[in-house]
Amino acid sequence: MNRLSPFNVVSLTFGFAFLYLPMLILVIFSFNSSKLVTVWAGFSTRWYGTLFQNEAFLDAAWVTLKVAVMSSTFATVLGTMAAYVLVRGGRFMGRTLFSGMIYAPLVMPEVITGLSLLLLFIGIGMDRGVMTIVLAHTTFSMCYVSVVVSSRLATFDRSLEEAALDLGASQFDAFRLVTLPIIAPAVISGWLLAFTLSLDDLVIASFATGPSATTLPMKIWSSVRLGVSPEINALSSILIGIVSVGVITASLMSKRHAVRVRREEQAAQRAT
Amino acid sequence: MAQTVFAPWDDPQQKPLIQFVGVTKRFGDFVAIDDLTQDIYEREFFALLGPSGCGKTTMMRMLAGFEAPTEGSILLSGQDIAGVPPNKRAVNMMFQSYALFPHLTVWDNIAFGLRRSDMPKDAIAARVEEMLKLTRLSKFGRRKPHQISGGQRQRVALARSLAKAPKLLLLDEPLGALDKKLRQDTQFELMDIQETTGTTFVIVTHDQEEAMTVASRVAVMDEGRIIQVATPEKIYEAPNSVYVADFIGDVNILEGTAKANGPESYAIDWGGAEPATATSARPFSDGQKAHLAIRPEKIAISAERPADAANAVQGKVLDIAYLGNLSTYHVELPTGQVIKAQSANTRRVSRRAYTWEDPVWLSWSATAGVLLES
Ligand SMILES: Nc1ncnc2c1ncn2[C@@H]1O[C@H](COP(=O)(O)OP(=O)(O)OP(=O)(O)O)[C@@H](O)[C@H]1O
Ligand SMILES: [Mg+2]
């Protein structure tokens, strides 16, 4: 085994401290029994209790969840379709322009995206609320899905689709029965990405929303302006927990899948 | 009972199943298929042979509908198939890369095409089982492609393309990964299938022996062109060019100038002690450059000069390759040229007649070689 040199140990320590110390402090203080966020007064879970009685937070959480599920689903459908056309469509007129335009929102300042959406919603006289946030989130997260899916499609063996067509499948069947099941992991991670993006978006949601809908980040942001409360710490700790569990599960799943494939291959080689 | 010879290409009444008419395929500037015109008849077993990159797969892909000809047209039963998408063509293809669906079991891979038709469920199951049995994969139906060996995968690909019993079956190197025994069995299986179903086969192979065994006609290709199309015997015995002679099997080439010395008979001055005599239906003018191609098995090897041979040269044995049923002698001539002569090992090799450095005589008849223009 390689031993780490002292230099590597130091850089590793500092790097991880930089990344995780703020979160660690936040989680620790969420268990503080004092109402003052910065003064430690013993361990307690009371803020978790009061959090679950706070109607406003629970409402906001529900809105956020609805928005995230709907927008990431739409974004996944649209983003996958866009990726498919861009990778598979061959050279059609304006392909370069289209692919450039799909990826532009990745680097577009959020304020501008939000503002332009707001103007659009006002222009067409749409009532702002959950639906407009969903639309806005779909718009900006679909390009992320499209990036993830198209990088998978680029390495996808095209002859598989050709084989499906050759065996009499329609274009749509070839996609549904062959392409989609194979690129499913990329589509799912695209969905997860869109879901997370929607979950923590503040800027665009603030532009797109109306008085009827408040998302969790908006709620946190507005209450922090009145001072950080231990409840916010508790809420944030829960979010950190959810995200970590999700990430760890996803990586464990993919690792287990890789191990299984390898084992099965070895078994097959022994059998012959 | 006299068997009628299967040779629809000689019969002007026969309508070809496939016609390539002046087909050119370009990828950018690169010409993959160069102005190709060729007919393929129903029930044929048409083998494409040629070096890597000569355009064999490209020809197949055009038939299957994955590539469109840049120029010219392809007719199937007299109909231009330019506008017909791959899934509407009664053509199935076995891919060189197999292209098995990795997420489906062997069973489902084979059933894939059948499920796209309106075949009833139990008929599909019966057909899949039949295919599994044919390719000796019955034990592996439940496995996924990554759980079987390379040769087994190749057989799955073959079974999948055979399952729909198409009118035209395109096989791109279908048997390359199989061992010799299984390959021969499968070859005969293919010929059987062909006989019972009347399917037309176009098959790409790198294995000449395979082409010779299964094909009704062999097409030798080079750089996007078909150099010669003929029955296996014709290709072997009467190649039309040095390229074909050299590509199919082993051959000795004597290069020289021709001079008529009788009706359809020529003396070729190739730099040896005396000119070689060869007959040729193809006319040569005096002093024309000519290549005399002689197969090793048509050259006899002896210790003494045979009295009645039309051609005889002396040399010494350089090398002996023992191939089991045959031995190939590499004999160096005084000119420095090395000639290969082959003889059957009819007796057990307890006593080899010739050994290294032995002086020997090589002889062949006037009809043994083919005289080719350069
Ligand atoms: N999509 C493509 N774009 C550009 N060039 C191509 C494409 N497909 C094939 N070619 C070129 O066309 C030529 C013929 O290719 P093809 O696949 O038909 O060869 P092949 O005879 O099947 O060779 P092999 O025996 O190695 O399979 C090759 O030089 C190849 O590089
Ligand atoms: Mg090929």
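So that the names make sense, note that chain A is the first sequence line, chain B the second, and so on, each numbered from 1.
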Residues B:Phe27, B:Thr58; criterion side-chain contact (heavy atoms from CB on, under 4.5 Å); working and verdict = CA-CA 10 Å; B:Phe27 294 106; B:Thr58 307; 4.1 Å; yes
Nearest heavy-atom pair of B:Leu171 and B:Met94: which atoms, and what distance?
-> CD2-CB, 3.8 Å
Quick one: of B:Asn92, B:Val91, B:Leu170, B:Leu104, who has the most non-hydrogen atom pairs under 4.5 Å with chain A?
-> B:Asn92
What part of B:Leu100 is in contact with chain A, defined as an atom under 4.5 angstrom from a non-hydrogen atom: side chain, backbone, both or neither?
-> backbone
Would a 4.5 Å heavy-atom cut-off, applied to side chains only, mark B:Gln187 and B:Leu175 as touching?
-> yes
Under 4.5 Å from a heavy atom of chain B, the part of A:Ala174 involved = neither
More than 12 heavy atoms from other groups under 6.0 Å of CD on A:Gln171 = no
Would you find more than 12 non-hydrogen atoms of other residues, nucleotides or ligands less than 6.0 Å from A:Phe74 atom CZ?
-> no
B:Phe112 vs B:Phe101, side-chain contact (heavy atoms from CB on, under 4.5 Å): CA-CA, chis, key distance, verdict | CA-CA 9 Å; B:Phe112 190 93; B:Phe101 306 129; 3.5 Å; yes
Supply the atom-to-atom distance A:Lys66 NZ to A:Thr215 OG1, rounded to the nearest 0.5 angstrom.
-> 12.5 Å
Under a 4.5 Å heavy-atom cut-off, does chain B meet the side chain of A:Glu161, its backbone, both or neither?
-> neither
What parts of residues 113-120 of chain B touch chain A if we use heavy atoms and a cut-off under 4.5 Å?
-> B:Gly113, B:Arg116
Do side-chain atoms of A:Ser146 reach the backbone of A:Met142 as a donor and acceptor pair under 3.5 angstrom?
-> no
Given A:Leu165, A:Val178, A:Leu167, the one with more heavy-atom pairs under 4.5 angstrom with chain B than any other is A:Leu167
Greatest number of non-hydrogen atom pairs under 4.5 angstrom with chain A, of B:Ser97, B:Gly65, B:Pro102, falls to B:Pro102
Do A:Leu177 and A:Pro181 come close enough that some side-chain heavy atom pair is under 4.5 Å?
-> no
Identify which of A:Leu160, A:Asp173, A:Ile182 forms the greatest number of heavy-atom pairs closer than 4.5 Å to chain B.
-> A:Leu160
